[in-house]
Structure formats: structure tokens, C-alpha cells
Amino acid sequence: MKILFRLLSVVAVLVAAASVTFFAQLLVPGDRATTILNLQNGREQEWTAAELAPVNAKFGFDDPLALQYLHYVGGLLKGDLGTSYTQYQSVTSVIGAQIGPSLVLTAAALVVAWGLAVGVTLLTVKRGRFVTGLGSGWETFAASLPTYWVGVVLLVVLAVKIPVFPVIGGSGVWGTVLPVLTLAIPLAGFLGQVTRDEFDKVLDQPFVTTARTRGMGDTAVRLRHGLRHAVLPGITLSGWALGALISGAVIAENIYGRPGIGQVLVTAVNTRDVPTVSGIVLVVAGVYVVANLLVDLAYAAVDPRLRTHAKAATA
């Protein structure tokens, strides 16, 4: 029953996001058929009703608004995101051709951010006032950095002044390092802050003291007892972070000239390709929803007490 409720919630959220994007299309100034013809011909001009008629018929712009909405939502349920105004192919295929590099960039940035956050936490919490302050200060500094600024600084320093990495990122492993760091460094600051607070509290718990008195070393205590409890707030934050990262990928992809939906989105916005923009918005919303489901699964995997409580509730 709980799984069915979650699935219905997922569908409801996606339909709500689709509804917002559909009505947002209608708020864009100008006639849609005129926009399409202007894009096809590369100039701004007025078109006669006879010239606009084929476009209105093809895209269903003459249908009643309710029918357009039902057709739009029905198409989404079948995986149809509409037709691109500028590329004259389905939005699904346009996004599908570019989503891979964006997902790779997003996943890699999340992994690196977690690695930085956990590493700094393990190395600095309760290691003396100076070291602890150093770690805390780094996290605050990293969390305050704008993603665009990080990207430009890394590009200038590590690609232009010291040419270790390519200026144009591409999709290769070496060219992915700077885009990943651009997204990962600010996120590592946020993850480190919430993990540090929890980690600091856990190390004062009685079960940690008991483990130490039984002869367990400091490193083992931190890894086996402290870390498991401390990462739970960070896992919750990761659900939001995953969606935010794929949104932020737009910045990294444009700074480093990487392929991905970020490049597609910028081009679509500049050319007023509304179906493509709406499709990308829906994809990002879908990532948010899937991320929240993954967070729930990760919670249960990290903390067995949650599985016990769930079984007790359903018994």
C-alpha cells in the first residue's frame, strides 16, 4: 500500500509539473504558429491566416484549450514530450541524445562531493581546535561559492594559466574533471556542514565510548560507528542536491562547452523553442522525484532501525 501511494504521488507530481509547463507555454508573448514560421525562415514578419493554417493544424493550436491540455498530458503518459519548433523532431529524441553526458556529470559530481565532505569530516572533527576550525571554515567557504564563479576560476587557473586540463571539456574523462569539480565543490560544503554537526554529536554518544573502552581504535570508531549515523542528514540533502546538480549542469556545460541538456536548454531558450524547454523542465522534475525515492531506499540501507520500524508499522 505504501509503495502504491508513493507511485501515485510520483505520477501526481509529474502531472502537476506538466500542467505548469503547459500553461507557461501559453503565457509566452506572441502567436505560436507565427513564432514557428519565423524560426523556420530566420526573420521576423507577419504571416497571413492561410500561411499560418498548416502550422496550426499540425500542432493542434486551433483546438480548444482543454483538448490541447488533454492531448499534451496524454502524450506525456506515453513518453511524447511534443515536437521541437527548431529541430523538427520529437523533444524526447532531442533530450535523449543529450541526457547521457548530463547524467554522467551529475552522478560524478555527487560522488566527488560526498567524497570531499566525508574526507574532510573524518580528518578534522574533534582533531583539535585548529584542525576542527580549519575543516569547518573550508566547508563554510565552499558552500558560499557560486557555481559559475568556481567554474570560471578553475577554467582560468587549471586550463589557461596552468594548462593541465582542456579548455573545452568534451565528454572524455580528462575533460570531465573541471566540470565535475565546478559542481562538486559548493555541494561538498553543504554536505560537510550537516555531516560535521551530526558526526560531532555521535562521537559523544555512550555507545562510542563503550566501543573505545573495548579497545576499538579511533579510525575504526569513526568509520564503523560515527559515519553511519552522521551521513543520514546528508543523504536527505542529496535528494535535493541531485535535482539541483542536473539544473546546475547547465552552467558547467556552457562554461566548458560540454554536450548535454544544458546546451540544449540554452539554445532552446534563445530560439523560443518552448516544447524543448518544457521537456527539459519535466525531465529535471522527474529527476527530483526519482532522487527522493532513492533517498528513502538509501535511508533504510544505512539505518536498519528504519526497516524495523517499517515492519512494525505494517505488522
Side-chain angles (χ1 to χ4, degrees), residues 10 13-14 17 95-121 138-155 158 165 169-195 231-266 268-269 276-277 279-299 302:
V10 168
V13 169
L14 292 179
I95 296 176
Q98 298 293 328
I99 190 68
S102 295
L103 291 179
V104 169
L105 177 61
T106 300
L110 186 61
V111 171
V112 171
W114 263 111
L116 290 173
V118 170
V120 173
T121 299
W138 151 254
E139 290 159 356
T140 303
F141 174 71
S144 66
L145 294 176
T147 302
Y148 182 79
W149 186 84
V150 175
V152 171
V153 169
L154 290 177
L155 180 68
L158 297 178
F165 300 99
S171 57
V173 175
W174 201 239
T176 305
V177 173
L178 292 184
V180 166
L181 289 177
T182 298
L183 297 176
I185 290 175
L187 178 59
F190 287 107
L191 293 174
Q193 286 179 322
V194 296
T195 304
V231 297
L232 290 176
I235 290 176
T236 303
L237 189 61
S238 296
W240 160 82
L242 198 56
L245 281 175
I246 198 166
S247 302
V250 175
I251 299 173
E253 288 168 359
N254 277 278
I255 292 175
Y256 296 101
R258 277 179 56 85
I261 61 172
Q263 292 279 9
V264 176
L265 178 61
V266 171
V269 169
T276 301
V277 175
I280 293 175
V281 170
L282 283 177
V283 168
V284 174
V287 170
Y288 268 104
V289 172
V290 172
N292 281 309
L293 287 174
L294 293 177
V295 164
D296 289 345
L297 295 175
Y299 243 95
V302 172

Roughly how far, to the nearest 0.5 Å, is [atom2] of [Y] from [atom1] of [X]?
X: L154; Y: I185; atom1: CG; atom2: CD1; answer: 5.0 Å
X: I246; Y: I99; atom1: CD1; atom2: CD1; answer: 4.5 Å
X: I280; Y: Q98; atom1: CD1; atom2: CD; answer: 9.5 Å
X: I95; Y: T276; atom1: CD1; atom2: OG1; answer: 6.5 Å
X: T140; Y: L145; atom1: OG1; atom2: CG; answer: 11.0 Å

On a heavy-atom basis, which atom in [X] and which in [Y] lie closest, and how many Å separate them?
X: P186; Y: T147; answer: CG-OG1, 4.2 Å
X: L181; Y: V150; answer: O-CG1, 4.3 Å
X: T121; Y: G192; answer: OG1-O, 4.1 Å

For this session: Answer yes or no: is there a donor N or O on one side and an acceptor on the other, between the side chain of R258 and the main chain of P179, under 3.5 Å?
Result: no

Exercise. Checking E139 side chain against G189 main chain: does a donor-acceptor pair fall under 3.5 Å?
Worked result: no

For this session: For the residue pair T195 and W114, establish whether any side-chain heavy-atom pair is separated by less than 4.5 Å.
Result: yes

Exercise. Among all residues two or more places apart in sequence or in another chain, which pass the side-chain contact (heavy atoms from CB on, under 4.5 Å) test with A113?
Worked result: A184, L187, A188, L191

Would you mind writing out the side-chain donor-acceptor pairs for residues 102-112 within the sub-3.5 Å range, not counting sequence neighbours?
unit_1 : atom_1 : unit_2 : atom_2 : d
S102   : OG     : E253   : OE2    : 2.6
S102   : OG     : I261   : N      : 2.9
T106   : OG1    : S102   : O      : 2.8

Exercise. Does F165 have any ring pair (Phe, Tyr, Trp, His ring centres under 6.0 Å) partners at least two apart in sequence or in another chain, and if so, which?
Worked result: W174

